[in-house]
2 protein chains.
Amino acid sequence: MRSVMVQIPNTPTSADVARLAGVSRATVSYVLNNTSAVRISEPTRRRVREAARELGYVPHAAARSLRAGHSRMVLMPAPAIPVGPLYSRFLNELQWALGRLDYTVVQYGSVGLQGDEAARAWAELRPVAVLVPGAGLGPQGVHVLKRSGARAVVTLGPDRVEGAHALLMDHEAVGQCAGAHLYEGGRRRIGVVVPEEAGLEAYSRPRLAGVRQALQGTDATVTELPLAYTEEAAARLAARLAVPGRESGLDALFAYNDEYAMLLMRALQDEGVRIPQELAVIGADDLMLGRLLRPRLSTVHIELPSGRDLAELVDRAVRDPGGEPEVHRVLGASVVRRESS
Amino acid sequence: MRSVMVQIPNTPTSADVARLAGVSRATVSYVLNNTSAVRISEPTRRRVREAARELGYVPHAAARSLRAGHSRMVLMPAPAIPVGPLYSRFLNELQWALGRLDYTVVQYGSVGLQGDEAARAWAELRPVAVLVPGAGLGPQGVHVLKRSGARAVVTLGPDRVEGAHALLMDHEAVGQCAGAHLYEGGRRRIGVVVPEEAGLEAYSRPRLAGVRQALQGTDATVTELPLAYTEEAAARLAARLAVPGRESGLDALFAYNDEYAMLLMRALQDEGVRIPQELAVIGADDLMLGRLLRPRLSTVHIELPSGRDLAELVDRAVRDPGGEPEVHRVLGASVVRRESS
DNA sequence: TTGAAAGCGCTACCAT
DNA sequence: ATGGTAGCGCTTTCAA
C-alpha cells in the first residue's frame with residue numbers, strides 16, 4: 001500500500017471563507033463576530049457560517065488584535081517552582097474567573113529571564129494586563145509594560161511596586177503567627193528553618209522576619225537554621241539539635257512550611273527527641289500531610305484571596321487604566337494548633 | 001505638592017524609532033534584527049539603537065509573526081490540577097530547553113474548554129507547535145491545529161492520536177510494577193485505590209488496568225477501592241478493611257500514589273492494622289514524604305523523559321513537518337521497596 | 001444589505 | 001549603505 005501524498009492546504013483566511021460563500025470579507029467579519037450594528041440577511045449568514053465550517057476556518061488572533069490595537073490577553077509568568085495545592089487552586093479559580101470575563105489567560109515560560117529582561121519579553125505580546133507573583137518586577141519593568149499598552153499591572157507579593165496595583169501577600173504575618181503562638185506556649189529559644197533551595201527566599205525571608213517581629217522586645221531568641229530538603233541534611237540538623245546542651249538550647253521550631261516541618265520532625269524523632277515536650281514544632285500551609293503525622297503537626301493556615309476578586313480587580317483596572325493603583329493586603333494567616341506545639 | 005498630570009504616550013513603533021534616528025523603518029528593522037544580508041554603517045546602527053532605547057521601543061510580536069507567516073510559540077494547556085514536583089521539574093527543564101532553541105513557551109489557561117473547542121482556541125494563537133499532556137485531544141483537534149499552521153503536535157499521554165507525535169506515558173506500567181511486586185511478595189488479594197477526585201482518571205484507570213494485567217492468569221484477585229482524599233473517607237475505608245473477615249480478605253494495597261497511600265496507611269494504623277504483616281501497602285511517584293513514614297512506604301518510582309529530549313523532538317518536528325509522527329514510550333517505572341510491602 | 005479600501009506594525013524585496 | 005513599498009489577516013468606516 002503506497003503512502004498517499006496529502007497536500008496540506010494553506011491555512012484558510014477570512015478571504016477564503018468570503019470567496020467560498022460568495023460574499024465580501026467584510027460580510028464574513030460581520031457574520032462571524034455577530035456585529036449588531038449591521039444587518040445581514042439570514043440566508044447570507046448561513047452561507048458564511050457553512051463556508052467557515054467547511055474550510056475549518058479559525059480566526060487569526062494576532063491579526064485581529066493588531067487591527068484592534070489591543071488584545072484580551074492576561075499574562076502571568078509561569079511558576080518556576082512546584083506550586084502547592086493551595087496556590088494551584090487559586091490559579092485555577094483566577095483563570096476561570098478571567099475566562100468568564102472574556103480574557104485569555106496565558107502563562108509565559110520565562111526561564112532564565114531576569115526582571116526587566118522578562119518584562120520586555122512579556123511586553124512583546126502586548127497583553128492587556130500582567131499579573132506577577134513574587135518579587136522580581138521593578139518599577140522599570142512596570143513602566144515598560146505600561147508603555148507597551150498593558151492597561152493593568154498587578155503584583156502579588158511582599159511589597160508594592162511603583163505604578164502597579166498590588167495584592168500584598170505579606171508572609172511576615174505567617175511568621176508572626178507562628179512566633180506569637182510558640183511564645184504564648186512558653187517557648188523562648190526558637191529556631192526558624194530557612195530552606196536552602198533557590199527560589200524560596202521570597203517566602204522564607206519574610207517568614208523569618210515575622211518571627212523576629214513577633215518576638216521583638218521579649219526575652220525570646222531566634223536562631224536561623226538553614227536546611228536543604230533532603231533526609232541527610234535533616235538528619236545532620238536533628239543530630240545537632242538533639243545533643244545535650246544542644247544548639248542554643250532550642251525549645252521550639254518554626255519549620256518554614258509543613259514539608260520541611262515533617263522532614264525535620266521525623267529526623268528529630270529518630271534522634272529520640274520528644275515532640276512537643278522537649279521541642280515544639282510548627283509548620284505552615286496546612287497541608288493534608290500534617291494531619292497524618294504523629295504527633296499531628298501544628299501549622300499556620302494561609303488564606304489566599306479569591307480568584308474571583310482578583311479577576312474583578314483586573315477587569316476594573318483594565319476598564320479604568322488611569323485610576324490610582326489599588327493596594328490590598330490579602331494574606332490571612334491563623335494558627336491551627338494540633339499536637340506538635 | 002500638586003500631583004503631576006503625566007501624559008501617557010502611545011506605544012512607540014519602529015516608525016517612531018526611525019523618525020527619531022532619522023532613518024527609514026527598513027533600516028531600523030535591519031539594525032534591531034542584526035540582519036546579516038545587509039550592511040549598515042556603525043554610526044547608523046548606534047543612532048538606531050540609541051533611539052530605540054530612548055523611546056523604550058519593544059517590538060510587536062503579533063505584527064512580526066503576522067508578517068513572517070509563523071511564530072516561534074510553543075503552546076501547552078496549563079495544568080488544571082496541582083502538579084507534583086516530578087512533573088514540575090520536567091516542565092521547567094522543557095521550557096528551559098525550548099528557550100535555548102529560541103522558542104517561546106506559553107501555557108494556555110483552558111479552563112472549562114472541551115477537547116476540540118480548546119483546540120480551536122489554541123489555534124487562534126497560531127503556535128508553531130502544541131504540546132498536550134493527558135488525553136482530551138482528538139484527531140479532530142490535531143487536524144484543526146495543523147490546518148492552522150501548527151507544524152508539530154505532540155501528545156504526552158496514555159495513547160497516541162492520529163496525526164500527532166506521541167510520547168507514550170503508559171501508566172499501566174506503573175500498575176504492572178506494583179502488581180507484580182505484590183504478587184512476588186506472596187500477596188494474592190490485592191486492593192487498588194482509585195481516587196474519586198475528578199481529573200485523575202487519566203492516570204488512575206491505566207494504573208488499575210496495569211495491576212489487572214500483571215495478575216491476569218494467576219490466582220490473585222483485584223478489588224477496586226474508590227477513595228476521596230479526605231481523612232474521613234480514609235477512616236471509613238480503613239474501618240471496612242480492618243474488620244475481621246474483612247472485605248475480600250485483602251492482604252495488599254496499591255494506593256494509586258504516595259499521597260493516597262500515606263493517607264490510607266495512617267488510617268489503617270489507627271485501626272490497628274499491622275503493616276506490612278497483615279496488609280502490604282505500596283504507593284507511586286516516589287515522593288519524599290514516603291520516606292518519612294513508619295514503616296517507610298514502598299513506592300513505584302517513575303521516570304519521566306528528559307525535557308531536553310522532548311525539546312529536540314519538537315524542534316525536529318518543526319523543521320520537518322512532513323515527517324512521520326514519532327512515537328516513543330517514555331515512562332520508566334520501577335519498584336522502590338522499602339518497609340511497607 | 002453588501003462591498004471597497006484603509007491601515008494596525010512589521011519585514012523583505014527591489015531600487016537607488 | 002539606505003529608502004520605498006507591498007502585504008501578512010483582520011475590522012471598520014464610508015459608499016453604493
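Please read these numbers as outputs of a predicted model, since none were measured by experiment. These numbers come from the heavy atoms of this one structure, side chains and all, not from hydrogens, waters or symmetry mates.
- For the pair A:Val130 and A:Met76, the minimum side-chain heavy-atom distance is 4.5 Å or more.
- Distance CD1/B:Ile40 to OG1/B:Thr35: 8.0 Å, rounded to 0.5 Å.
- Between the side chain of B:Asn33 and the backbone N or O of B:Ser29 there is at least one donor-acceptor pair closer than 3.5 Å.
- The number of heavy-atom neighbours closer than 6.0 Å to CD of A:Glu324, taken from other residues, nucleotides and ligands shown, is 12 or below.
- In terms of the side-chain contact (heavy atoms from CB on, under 4.5 Å) criterion, residue partners of A:Ala152 (sequence neighbours excluded) are, by chain and number, A:Ala129, A:Ala317, A:Val318.
- Annotation: proximity of residues 36-61 of chain A to DNA chain C (heavy atom, distance under 4.0 Å) is found for A:Val38, A:Arg39, A:Ile40, A:Ser41, A:Thr44, numbered in ascending order.
- Looking only at side-chain heavy atoms (C-beta outward), A:Leu167 and A:Pro305 come within less than 4.5 Å of each other.
- For DNA chain C, the residues of residues 62-70 of chain A within the heavy-atom distance limit of 4.0 Å (strictly under) are A:Leu66, A:Arg67, sorted by number.
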Which donor-acceptor pairs under 3.5 Å do the side chains of residues 47-54 of chain A make with protein atoms, sequence neighbours left out?
| from | atom 1 | to | atom 2 | distance (Å) |
| --- | --- | --- | --- | --- |
| A:Arg47 | NE | A:Ala21 | O | 3.1 |
| A:Arg47 | NH2 | A:Ala21 | O | 3.2 |
| A:Glu50 | OE2 | A:Arg53 | NH2 | 3.1 |

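- Fit an axis to the five pairs at each end of the helix from C:dT1-D:dA16 to C:dT16-D:dA1 and the two axes sit 50° apart, to the nearest 10 degrees.
- Among residue pairs with one or both ends in residues 11-37 of chain A, those qualifying as salt bridge (charged side-chain N to carboxylate O under 4.0 Å, His left out) are A:Asp16-A:Arg19; sequence neighbours excluded.
- Side-chain contact check for A:Thr155 versus A:His165: every heavy-atom pair is 4.5 Å or farther apart.
- On the nucleic acid side, DNA chain C has its first and last nucleotide under 4.0 Å of a heavy atom of chain A at C:dT1 to C:dG9, going 5' to 3'.
- For A:Tyr57, the ring-ring contact (aromatic ring centres under 6.0 Å, His included) test picks out no residue, with sequence neighbours left out.
- With hydrogens and angles ignored, the 3.5 Å screen pairs no side-chain donor or acceptor of B:Lys146 with any backbone N or O of B:Val153.
- In summary, contact between chain B and DNA chain D, defined as any nucleotide atom under 4.0 Å from a heavy atom of the protein, begins and ends at D:dA1 to D:dG9 in the 5' to 3' direction.
- A donor-acceptor distance shorter than 3.5 angstrom exists from the side chain of B:Thr11 to the backbone of A:Arg147, with no hydrogens or angles considered.
- Less than 4.0 Å separates DNA chain D from at least one heavy atom of each of the following residues of residues 25-33 of chain B: B:Arg25, B:Ala26, B:Thr27, B:Tyr30.
- Remark: B:Arg100 CZ is loosely packed, at most 12 non-hydrogen atoms of other residues, nucleotides or ligands lying under 6.0 Å away.
- Contact annotation: the side chain of A:Val74 never approaches that of A:Val106 to less than 4.5 Å [non-hydrogen atoms, C-beta and beyond].
- Checked against side-chain contact (heavy atoms from CB on, under 4.5 Å), A:Arg329 has the following partners two or more places apart in sequence or in another chain: A:Leu168, A:Asp170.
- Contact annotation: the side chain of B:Gln95 never approaches that of B:Glu93 to less than 4.5 Å [non-hydrogen atoms, C-beta and beyond].
- By the side-chain contact (heavy atoms from CB on, under 4.5 Å) test, A:Glu162 is found to be paired with A:Pro139, residues two or more places apart in sequence or in another chain being considered.
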